[in-house]
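Structure record follows, encoded as structure tokens.
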There are 2 protein chains.
Amino acid sequence: MRHLLIYDMIEAVHRSGSIRKAAEDTNITASALNRRIQAFEEEFGSEIFERLPRGMRLNPAGELLLHHIRLQRQDLLRVHSQVADLSGVRRGHVKIACSQALLPYFLPREISKYRAEFPDVTFSVNVRDRIQAEQDLVTFESDLALVFEPAHMVNFEVLHAVHQPVMAVMSAAHLLADRKSLRLRECLEYDLVLPARQFGVRVLLDQAAARFGRKLEPALETDSFDMVRHFAAYGHGIGFQIPVGLNDLARPDMSFIPIAARDIAGGELYLGHLKGRTLPVAALKFANQVMTALSYA
Amino acid sequence: MRHLLIYDMIEAVHRSGSIRKAAEDTNITASALNRRIQAFEEEFGSEIFERLPRGMRLNPAGELLLHHIRLQRQDLLRVHSQVADLSGVRRGHVKIACSQALLPYFLPREISKYRAEFPDVTFSVNVRDRIQAEQDLVTFESDLALVFEPAHMVNFEVLHAVHQPVMAVMSAAHLLADRKSLRLRECLEYDLVLPARQFGVRVLLDQAAARFGRKLEPALETDSFDMVRHFAAYGHGIGFQIPVGLNDLARPDMSFIPIAARDIAGGELYLGHLKGRTLPVAALKFANQVMTALSYA
DNA sequence: GCATAGTGATGCAAAAAATGCAGCGCTTTG
DNA sequence: CAAAGCGCTGCATTTTTTGCATCACTATGC
């Protein structure tokens with residue numbers, strides 16, 4: 001959109017931190033770019049950049065404007081997608097920020113299912129912890145977030161929530177593998193493989209352990225849920241995961257056993273978007289599909 | 001904002017229904033305007049106007065775009081007002097759609113109070129019935145709506161609600177003027193002056209009368225709440241109003257008596273804005289003031 | 001302590017885009 | 001069937017934007 005080029009330029013300057021660098025990205029001369037920024041500030045009624053000896057930085061007014069620009073752009077995208085929808089074409093792009101737990105089974109399955117019906121809809125999936133996910137929504141980096149026990153929820157509008165107990169994950173050959181339920185205390189007798197502290201499951205585990213005066217000392221601490229599963233599968237250790245990230249059928253060599261609710265109540269997996277946003281058609285339809293999938297999981 | 005001129009042009013064409021008429025409003029030639037519209041449609045990827053023999057009309061895609069344009073413009077206004085706020089200047093403009101009942105005392109008082117603190121904030125007040133008010137929010141004609149018993153509430157995000165019993169309004173010399181409470185049945189013995197059918201108070205009255213098999217036959221039916229008060233004050237009739245529109249001190253010649261709750265439960269006066277909107281600073285601050293005023297009314 | 005490389009700003013001429021004018025083809029209206 | 005109103009378009013003109021060269025300034029490195 002030619003008339004919104006100035007917004008691209010502002011963002012380019014913001015990203016690169018200097019007019020000259022931004023000029024290259026924008027395929028324009030530094031002088032032209034400089035004058036457009038100046039003209040814009042003149043019209044806007046206030047400066048939006050601080051002029052530092054090393055370049056340009058957004059001032060508070062610029063930060064506010066930047067958010068408007070992003071909102072504006074995303075809303076225009078939504079209009080485009082709705083217009084495409086009018087003419088019967090189902091196009092669009094859905095951007096998802098999600099917890100690692102959704103990657104192995106849940107999201108691939110849901111995305112395939114959706115694209116089977118609407119092959120012209122494309123997806124981006126960004127792995128984010130529960131703090132980053134909300135930030136992603138604020139910057140319009142993602143349309144939807146699917147996270148376990150999100151941290152703030154200030155800008156988060158919940159579309160759906162589903163309860164997830166904490167599951168112990170171990171080799172099918174493990175001594176405890178045939179149990180229907182496990183007490184947390186029993187697990188502590190074995191090597192533990194735990195997700196890093198920024199993850200929701202870990203927080204729940206730490207809290208539970210603290211309640212009976214223990215501190216968890218994992219044999220392996222990792223930020224990869226894949227690693228948790230693999231280490232548990234091939235060693236004698238015990239890992240922890242939430243059900244949505246597990247699949248009995250795919251792993252007959254492993255055993256997944258819920259931790260007794262009196263030890264760890266579990267947490268909520270939330271699907272949501274930025275408060276007050278109107279989602280593009282494609283994102284909204286996909287969100288609806290995910291909601292039913294979560295309900296019958 | 002020069003780069004958003006095309007939006008003004010689109011709106012001008014939409015308003016006037018033809019390029020040639022819109023060209024005059026825009027201070028531009030019809031040919032130039034025509035080509036800008038065409039260029040925009042080209043870029044946008046689809047036509048936004050239907051070409052009729054008598055002029056131009058927005059097609060569905062155009063309607064969607066128009067809403068985006070309005071949202072975009074209002075959000076930019078909000079940014080401006082927040083930027084002004086940054087530099088310590090409290091500027092802005094607050095647009096209110098409200099019921100007639102708020103006009104005589106409530107809004108003048110609140111607006112004065114607000115402007116005493118921030119004299120550079122200006123206001124527009126549009127009198128709207130409960131159906132129009134919501135429409136006003138959707139078209140961004142107003143930032144805030146303050147209405148009694150709104151009709152749909154689909155696009156309405158409630159900030160505050162306060163209960164309002166229905167009050168009988170009469171001359172201080174009226175036979176019933178000294179009562180502490182009135183049954184609806186008693187009022188029906190006298191000449192009635194009622195607001196027209198689109199108003200919330202009237203709806204409540206009609207419903208209540210219907211419950212004991214009566215149909216209200218007003219001596220005077222009017223769409224002016226002022227008229228209701230004046231007729232009641234100078235005749236022997238009885239009018240009806242909600243408390244927020246009345247002021248004992250200002251009218252010692254009149255008497256305001258609540259109708260028994262078992263006859264008419266009353267209704268809610270709502271303060272709200274368009275669902276999902278971020279209000280400009282000034283509108284938000286004023287809304288907060290109104291909320292406290294309503295709470296202690 | 002001074003050269004260097006980086007920054008944003010600006011005057012001026014060239015290039016590009018937008019505009020105004022006049023006129024075409026069309027449809028409805030009286 | 002003429003008149004009036006509509007959107008559209010070719011062409012000359014005006015306005016705006018751009019690129020180049022250069023200035024003034026400030027950290028950084030030797």
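Here is the naming used below: chain letters follow the sequence lines, and residue numbers restart at 1 for every chain. Since this is a predicted model, take the numbers as computed values, not measurements.
Counting any heavy atom pair closer than 4.0 Å across all strands shown, B/Arg20 reaches a base atom. Contact annotation for B/Ser18: backbone-only contact, meaning every heavy-atom pair under 4.0 Å involves sugar-phosphate atoms and none involves a base.
Checked by distance alone, B/Thr29 brings no side-chain donor or acceptor within 3.5 Å of a matching partner on the base of C/dC21.
Ion pairing between a basic and an acidic side chain is recognised when a charged N comes within 4.0 Å of a carboxylate O; A/Arg91 and A/Asp85 show no such pairing. Under 4.0 Å is where a charged nitrogen must lie from a carboxylate oxygen, and between B/Asp206 and B/Arg197 at least one such pair does. Note on B/Arg128 versus B/Glu141: no salt bridge recorded, every NZ/NE/NH1/NH2 to OD/OE distance being 4.0 Å or above. Taking 4.0 Å as the cut-off between side-chain N and carboxylate O, B/Glu41 and B/Arg51 count as a salt-bridged pair.
Remark: C1' of D/dG5 and CE of B/Met56 are 14 Å apart, rounded to the nearest angstrom. What separates CD1 of B/Ile37 from P of C/dT19 is a distance of 12 Å, to the nearest Å. Rounding to whole angstrom units, CD of residue B/Glu24 and P of D/dG7 are separated by 12 Å. Taking atom CZ on A/Phe49 and atom P on C/dA9, their separation rounds to 11 Å, with Å as the unit. Atom pair B/Leu52:CG and D/dG7:P shows a separation of 9 Å (rounding to whole Å applied). Rounded to whole angstrom, the span from the CD atom of A/Glu50 across to the P atom of C/dG8 amounts to 13 Å. Atom CD1 in B/Ile19 sits roughly 14 Å away from atom P in C/dG20 (whole-Å rounding).
You'll find the ring centres of B/Phe148 and B/Tyr270 outside the 6.0 Å limit.
Close to D/dG5, at under 4.0 Å from its OP1 or OP2, lies no side-chain N or O of B/Lys21. B/Asn34 has no side-chain polar atom (N or O) that falls below the 4.0 Å cut-off from OP1 or OP2 of D/dG7. Look at B/Gln38 and you'll find a side-chain N or O under 4.0 angstrom from OP1 or OP2 of D/dT9. Taking side-chain N and O atoms only, A/Arg51 has no distance below 4.0 Å to OP1 or OP2 of D/dT26.
When the nearest nucleotides of DNA chain C are assigned to B/Leu33 and B/Arg54 by heavy-atom distance, the more 5′-ward of the two goes with B/Leu33.
Residue B/Ile28 holds its CD1 atom at 10.0 Å from CZ of B/Arg35, rounded to the nearest 0.5 Å.
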Extract from the structure each pairing of a protein N or O with an N or O of nucleotides 15-18 of chain C at less than 3.5 Å, listing the distance.
unit_1	atom_1	unit_2	atom_2	d
C/dA18	OP1	A/Arg2	NH2	3.4

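Nearest to the side-chain atoms of B/Ser31 among the listed nucleotides C/dA22, C/dG8, D/dG7 stands C/dA22. Relative to the side chain of B/Arg35, the nucleotides D/dT26, C/dT19, C/dT28 differ in distance, and C/dT19 lies closest.
The shortest distance between side-chain heavy atoms of A/Cys98 and A/Asn126 does not fall below 4.5 Å.
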